[in-house]
Amino acid sequence: MAVVAHTVDERLARTRPLDRLLVRPELGSLLGALAVFAFFSVVTDQFLSAGGVSTWLDDSATLGIMAVAVALLMVGGEFDLSAGVMTASTGLVTAILATQLNWNVWWALLASLVFALVVGALNGWLVMRTGLPSFIVTLGTFLALQGLNLGVTKLVTGTVQVSGMRSTEGYASAGFVFASTVNVGGATFQVSVLWWLGFTAVATWLLLRTRLGNWIFAVGGAATSARQVGVPVVRTKVLLFMTTAAAAWLVGGINVLRYTSVQANQGIGQEFFYIIAAVIGGCLLTGGFGSAVGAAVGALIFGMTRQGIVFAGWNNDWFMLFLGVMLLAAVLVNNAFRRRAERVRR
Amino acid sequence: MTSNRSARRGPAGRRRVGAAAALAAAATLLAAGCTGPAAAPPGGGGATPPGAATGELRVAVISHGTPGDSFWDVVKNGAEAAGRQLGVKVDYNAAADPASQARLVDNAVAQKAGGIVVSMANPDALRDSVRRAVDAGIPVVTINSGEERSQEFGAITHVGQSEGVAGERAGETLRRAGRTNVLCVIHEAGNAGLNQRCEGARKAFGSVRDLQVDISNPTDVQSRIKGALGTDGSIDAVLTLNPQVAANAVSAVRDAGSSAAVATFDLNADVINAIREGRLLFALDQQQYLQGYLPVTFLKLYRDNANTVGGGRPVLTGPGVVDKSNVDTVGSYAGRGTR
């Protein structure tokens, strides 16, 4: 072995399959998910039942869609704090157009997608144009959207929520696509789980198998070097912000069609859960490293923990403590593996 | 909403990992200690009638309160007290976000709870989940908000106060106190019930202006009320919809040098003291202890004796006006978290 290592260039050195597995960013989160899964399967009776599985998958799904989009953005080196509120904004646009102006739901959805993409592009353009941290720019968008949500909702409906989606034109078909349910083993599974899996698969393919994926890693890891070798940094980053906004549109659409109403204050504070799920999934806060599968698994950890605590019947007053401790444990596992991964890579 | 959340990565030493593990262990132990009392064995004699369900009844109470909200803590105390007295296991959970709340209902259905108590601040969002619970044969009692949809969703009864009626009562009482211009402070943006209270007050009173604040940021609440008082000097009454906000409003009125009277919905120990000392005009009490206590009792009776209460009409727990005349009686109970 030692002789071979001397003659072969280190970049071409063969790595053992185990090491190759260990350097994957999502491995830590997978182990964390397994640990959480095993823990609640043992501690509670209902966690593994069909009803139990459907509950925590449902909780993970919409969070997961957003976490995957946010993970792409974070790999690209940026944050989007407006992502949580955006899920409400897009839902409100859809609901107001459909219930107040009697638009067909599909057209309303299309209009809210355009709205989302415009806001996403604005976020990206502002960040790239001003050179300000995206943390600050999207914080501004976050607050602005929050005010817009409440202001417009009260102006149009006179109340703080828009309801009545069920009786709009095209609800049946749109509801089928975004909010239908499947009965498996006596439990109701939401179609959002499929959207989550599909979105994760597309994002993974994009990140690992396409030129755009290479660009995303490049702009997040070293923007200046990326620009110098000809990567379109601005276009890539603006596209990432638009992807996050589009994901928020998807989640907003799923929510508005499923719950047939939107509250003006929905989604506030969720943006941090997206970022946390992405970080649990192996994303670095500094950009340039991360995975879509990892973020999806991070969301799964979140969903399993949130619902698992309820299944366990622990006192609700301590809920956030349990959640925090379990997440910390998951991140510690993750961190230990990343350190090992970095050693292997060297 | 705080804006200074930061996530920092640092060297994770072994000691820290150990400490985290110890913390996790401690938390788990605490959890085990805090789950609530074990059910008492069914006491007394009396043969169980044939066909009646037996064994421990498990009731899931699912509210839309934010953790740490003093109002919902009293509801929780009520539910747990009933659970202790009747040998019912009560699991209390809360989520302010309607989607999360719907999932908690799904969760209770998956756990095959013996009964579900749910507050419906946003009935549309809970419709499917509540229906699924009813279809699964789980009796549901709605509490606090969502009275108008309760029957439609198949709940056996609703326990709460009509927000509109309570708002009207507040408006009337303020009018009788000789007030002319009221500021109504809404502390949760998405809560329809709060808007109904202000609407009710407007109906009975006339000149009522709404002010939107965020209850999770008391400094902001106080300065916004102060700002509103400064902008419009003719405001001579502030109506708050939550005791914590009432305390902020009292400070804001003092800071602004205004002579406006403050009245509030709901009680806590501070409100009692403030009424006693004349800083608050009155409080409308919806006696939310009952909204926790009664549903658990109803569900126990429903299971053991097939009783339903209210005959399809809501069971009203309020409003009761607490002012200087009766504050001492009520005050002795608020201190222990039951009023």
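Quick caveat: nothing in here was measured; it's all calculated off a predicted structure. Lettering follows sequence order; numbering is per chain, from 1.
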*At their closest point, which heavy atom of B:Ala110 faces which heavy atom of A:Gln46, and how far apart are they?*
O-OE1, 3.0 Å
*So which of B:Ala99, B:Ala60, B:Ser100 has the largest heavy-atom pair count under 4.5 angstrom toward chain A?*
B:Ala99
*Are side-chain heavy atoms of A:Val310 and B:Gln111 found at a separation under 4.5 Å?*
yes
*Check the pair B:Asp97 / A:Arg306 against salt bridge (charged side-chain N to carboxylate O under 4.0 Å, His left out), numbers first and verdict last.*
CA-CA 14 Å; B:Asp97 171 52; A:Arg306 275 205 291 224; over 6 Å; no
*asked:* Could you measure the distance from the CG atom of B:Asn107 to the CD1 atom of A:Ile309? Nearest 0.5 Å is fine.
replied: 11.0 Å
*Looking at A:Arg258, A:Arg166, A:Gln270, which has the largest count of heavy-atom pairs under 4.5 Å with chain B?*
A:Arg166
*Can you list the residues that meet the side-chain contact (heavy atoms from CB on, under 4.5 Å) rule with B:Ser162, with sequence neighbours excluded?*
B:Glu147, B:Val165
_Separation between NZ of B:Lys76 and CG of A:Asn315, rounded to the nearest 0.5 Å_ = 3.5 Å
*Would you sort out whether A:Asp45 and B:Lys112 count as a side-chain contact (heavy atoms from CB on, under 4.5 Å), showing the intermediate values?*
CA-CA 11 Å; A:Asp45 301 331; B:Lys112 302 189 170 62; over 6 Å; no
*Evaluate the side-chain proximity of A:Gln161 to B:Asn195: yes if any heavy-atom separation is below 4.5 Å, no if none is.*
no
*asked:* Within residues 59-67 of chain A, which residues come under 4.5 Å of chain B, heavy atom to heavy atom?
replied: A:Asp59, A:Thr62
*asked:* Can you list everything that forms a ring-ring contact (aromatic ring centres under 6.0 Å, His included) with A:Tyr259? Sequence neighbours excluded, please.
replied: none
*Tell me, for A:Thr153 versus chain B, whether the close heavy atoms (under 4.5 Å) come from the side chain, the backbone, both or neither.*
neither
*For salt bridge (charged side-chain N to carboxylate O under 4.0 Å, His left out), just list the numbers for B:Arg103 and A:Asp58, CA-CA rounded to whole Å, side-chain angles, deciding distance to a tenth of an Å, and then say yes or no.*
CA-CA 8 Å; B:Arg103 284 188 195 113; A:Asp58 173 31; 3.3 Å; yes
*Under a 4.5 Å heavy-atom cutoff, which of A:Phe47, A:Trp56, A:Phe319, A:Phe311 has the most pairs with chain B?*
A:Phe311
*Mind checking what makes side-chain contact (heavy atoms from CB on, under 4.5 Å) contact with B:Asp124, not counting sequence neighbours?*
A:Ser163, A:Thr260, A:Ser261, B:Asn122, B:Arg149
*Measure the shortest side-chain to side-chain distance between B:Asp210 and A:Lys154 over non-hydrogen atoms and say whether it is less than 4.5 angstrom.*
yes
*Is chain A contacted by the side chain of B:Arg132, its backbone, both, or neither, given a heavy-atom distance below 4.5 Å?*
side chain
